[in-house]
Amino acid sequence: MPSLLYKSLTDYNYPLFSTQFLNVSDASPPSSPPPNRNLSCRITSQSMSCSSETPLPTLRTVTIPYYELKDKDADLSLKIEEGFGPNGLGILSITDVPEFPSLRRNLLCLSSRLAALPEDVKKELEDPQSRYNFGWSHGKEQLESGKPDLLKGSFYANPLIDVPTNDTYFIQRYPSYCGANIWPLAALPELEVAFKALGKLIFDVGLMVAYHCDQYVSRGMKMQKDEGLEEILLRSRCHKGRLLYYFPAQLSNHEENGDSMSSWCGWHTDHGSLTGLTCAMFKRNDVEISCPDSAAGLYIRTRSGEIVKATFGENEIAYQIGETTEILSQGYLCATPHGVRAPKGKEASVVDRSTFALFMQPDWYVNRRWDEKLNFLFNCRDEKLKFSEDVYIHKEVCSL
């Protein structure tokens, strides 16, 4: 069985949600792959661009109604496989979640107000010690061109725990995970309430998704109760929400990125377990509008190497699989590279965009039993993850 060297994120610079995996082979025979396994060659971020002249297919995400998702006796294996399996897009969406539409709107409407706060106020919300992974961040990331990303601002916080630990060692060793939330209590007190409410809802629904993922995976591999995705997420203290605000541009041609499919968000594969996403909100002069460019949106690279646009409804919560889950599920659940394309053209000028993502990921410390069984201590040191020969290896690397 080959192994994968997982480099702890503490060894890398910003951004938090990027990773690099290095393949290290050994002589052990491979285990049996999941059924209908469809593997493709490795890809790099440099190969993931496409001319805007080329028509690309648009695919609707697999959807699961909330009433079915919350039923633990429901058999959702076919939909889980269709969305997250080896031949899926690595994404599915949940419909009809109670309170979600209002909670989404409440938070996304605050992003422009946050971005418009005085610079000295936003400076107080920055946290360099966490590599800007708590509080306000603007211009700290880099575009694929290597230039600072001034197109968007981000606000990071843990929606479940304000202070995950008081242990100085962990805070210094893992600042991106163990730092404390920073809220604009005086300048924008509504933000904390709205951020936590939406983040908690997406997390709770995500646990339901994780439960059904475990039911699907357990049909193909032996799995102890505390090894499942649901349990991993339940005991973690380092989930991270990200409120994103894309500033309006006078000329929205994004010539710097040419015809890139990732002009708003570079190609990457989420490194964590499960990512919850909201549909974006667009505004012009503070008035909500529809997306001004039908070609803009979320693009995914499939296992066959095809780039497709993935869509889901405004009132749906989308979930994407991360690389950690792909490895631990032995490839039954698959992560996919994705990026976000900005709208272009005259109609896209002076339009801003707001969205929210919740990155659900394992704790920085995993209990000893899991450590011994998997032969690694997640996020605590560089170790080898043992995985099947047929697990796909992602090699997208951010240019930092």
Side-chain angles (χ1 to χ4, degrees), residues 9-10 14-17 99-100 102-104 106-111 113-115 117 120-138 140 153-207 210 230-245 270-278 317 354-367 378-380:
L9 292 177
T10 57
Y14 190 91
L16 170 62
F17 306 109
E99 300 186 47
F100 173 71
S102 61
L103 294 182
R104 168 186 170 271
N106 289 345
L107 179 59
L108 298 191
C109 285
L110 293 176
S111 66
R113 292 175 58 188
L114 174 66
L117 290 176
D120 61 330
V121 174
K122 289 188 289 188
K123 191 70 175 178
E124 293 178 356
L125 297 174
E126 292 183 349
D127 185 13
Q129 291 299 112
S130 69
R131 303 188 184 96
Y132 299 93
N133 282 296
F134 282 93
W136 176 250
S137 172
H138 181 223
K140 310 305 179 185
S154 299
F155 184 85
Y156 296 95
N158 185 330
L160 306 179
I161 309 173
D162 278 316
V163 183
T165 180
N166 290 311
D167 191 308
T168 303
Y169 170 79
F170 285 120
I171 294 172
Q172 293 177 347
R173 182 69 176 87
Y174 313 115
S176 298
Y177 296 107
C178 300
N181 288 335
I182 306 171
W183 301 107
L185 299 178
L188 194 62
E190 308 97 311
L191 181 64
E192 179 181 0
V193 176
F195 195 105
K196 288 181 175 180
L198 180 60
K200 179 64 163 59
L201 178 65
I202 294 177
F203 176 74
D204 288 343
V205 176
L207 288 179
E230 183 185 21
E231 286 296 321
I232 289 173
L233 298 181
L234 266 174
R235 61 176 174 254
S236 175
R237 293 160 289 175
C238 61
H239 305 299
K240 186 67 67 67
R242 183 183 189 182
L243 177 64
L244 295 108
Y245 178 72
D270 293 351
H271 84 266
S273 299
L274 192 66
T275 302
L277 302 169
T278 69
I317 307 176
S354 304
T355 190
F356 178 80
L358 178 65
F359 300 93
M360 291 169 275
Q361 50 209 356
D363 206 4
W364 63 84
Y365 180 85
V366 180
N367 65 61
F378 192 89
N379 283 341
C380 287

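The basis for the numbers below is simple: all heavy atoms, side chains too, and nothing from hydrogens, waters or symmetry mates.
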**Request:** Measure across Ser273 and Leu233 and return the closest heavy-atom pair with its distance rounded to 0.1 Å.
**Result:** CB-CD2, 3.8 Å
**Message:** Is the distance from the ring center of Trp183 to that of Phe155 below 6.0 Å?
**Reply:** yes
**Test item: side-chain donor near acceptor, Asn181 and Asn158, under 3.5 Å** = no
**Item:** Closest non-hydrogen atom pair, Lys240 against Ser176
**Value:** NZ-O, 2.9 Å
**Prompt:** For the atom pair CZ (Phe356) and CG (Leu198), what is the distance rounded to the nearest 0.5 Å?
**Reply:** 5.0 Å
**Message:** Whether Lys140 engages the ring of Tyr132 as a cation-pi pair (distance to the six-membered ring centre under 6.0 angstrom, angle to the ring normal within 45°) should be assessed.
**Reply:** yes
**Prompt:** Would you say the side-chain atoms of Thr275 pair up with the backbone N or O of Phe359, donor to acceptor, closer than 3.5 Å?
**Reply:** no
**Donor on one side chain, acceptor on other, Asn133 and Ser130, under 3.5 Å** = no
**Request:** Compare all side-chain heavy atoms of Trp364 with those of Cys178 and state whether any distance is below 4.5 angstrom.
**Result:** yes
**Item:** Test ring-ring contact (aromatic ring centres under 6.0 Å, His included) applied to Phe170 and Tyr177, step by step
**Value:** CA-CA 9 Å; Phe170 285 120; Tyr177 296 107; over 10 Å; no
**Prompt:** How close do Leu117 and Ala187 get, heavy atom to heavy atom, and via which atoms?
**Reply:** CD2-CB, 4.0 Å
**Complete:** Rounding to 0.5 Å, atoms CZ (Arg242) and CG (Leu358) come to a distance of 13.0 Å
**Message:** Please determine whether side-chain contact (heavy atoms from CB on, under 4.5 Å) holds for the pair Trp136 and Ser154, giving the CA-CA distance in whole Å, both sets of side-chain angles, and the decisive distance to 0.1 Å.
**Reply:** CA-CA 6 Å; Trp136 176 250; Ser154 299; over 6 Å; no
**Request:** State, with a plain yes or no, whether a side-chain heavy atom of Ser236 is found less than 4.5 Å away from one of Met360.
**Result:** no
**Item:** Chi angles and distances behind the side-chain contact (heavy atoms from CB on, under 4.5 Å) call for Asp162, Glu192
**Value:** CA-CA 10 Å; Asp162 278 316; Glu192 179 181 0; 4.0 Å; yes
**Pairwise distance CD1(Ile202) to CZ(Phe100) - rounded to 0.5 angstrom** = 5.5 Å
**Request:** Test side-chain contact (heavy atoms from CB on, under 4.5 Å) on Leu125 and Leu114 and set out the steps.
**Result:** CA-CA 10 Å; Leu125 297 174; Leu114 174 66; 4.1 Å; yes
**Asked** Which atom pair, heavy atoms only, marks the closest approach of Ala180 to Val163?
**Response** CB-CG2, 4.2 Å
**Request:** Check whether more than 12 heavy atoms from other residues, nucleotides or ligands sit under 6.0 Å from atom CD of Glu190, and answer yes or no.
**Result:** yes
**Asked** Do Arg173 and Asp167 pass the salt bridge (Lys or Arg N to Asp or Glu O under 4.0 Å) test, and can you show the C-alpha distance, the side-chain angles, and the key distance before you say yes or no?
**Response** CA-CA 10 Å; Arg173 182 69 176 87; Asp167 191 308; over 6 Å; no
**Request:** Answer yes or no: is there a donor N or O on one side and an acceptor on the other, between the side chain of Lys200 and the main chain of Pro159, under 3.5 Å?
**Result:** no
**Asked** So which heavy atom on Pro164 is nearest to which on Gly179, and how close?
**Response** CD-O, 3.3 Å
**Request:** First locate atom CG of Asp363, then atom CZ of Arg235, and finally report the distance between them rounded to the nearest 0.5 Å.
**Result:** 8.5 Å
**Request:** Locate the shortest heavy-atom distance separating Gly272 from Gln361; write the atom from each residue and the value.
**Result:** CA-CB, 4.2 Å
**Prompt:** Side-chain contact, heavy-atom cut-off 4.5 Å: Leu191 with Leu243?
**Reply:** yes
**Asked** Regarding Arg104 and Thr278, is there a side-chain donor-to-acceptor distance under 3.5 Å anywhere?
**Response** no
**Request:** Mark yes or no for whether His239, through its side chain, and Leu160, through its backbone, hold a donor-acceptor pair below 3.5 Å.
**Result:** no
**Request:** With the side chain counted from C-beta on, respond yes when Thr165 and Ile171 share a heavy-atom pair under 4.5 Å apart, and no when they do not.
**Result:** yes
**Message:** Please check this pair: side chain of His138 against backbone of Lys122, looking for a donor-acceptor N/O pair closer than 3.5 Å.
**Reply:** no
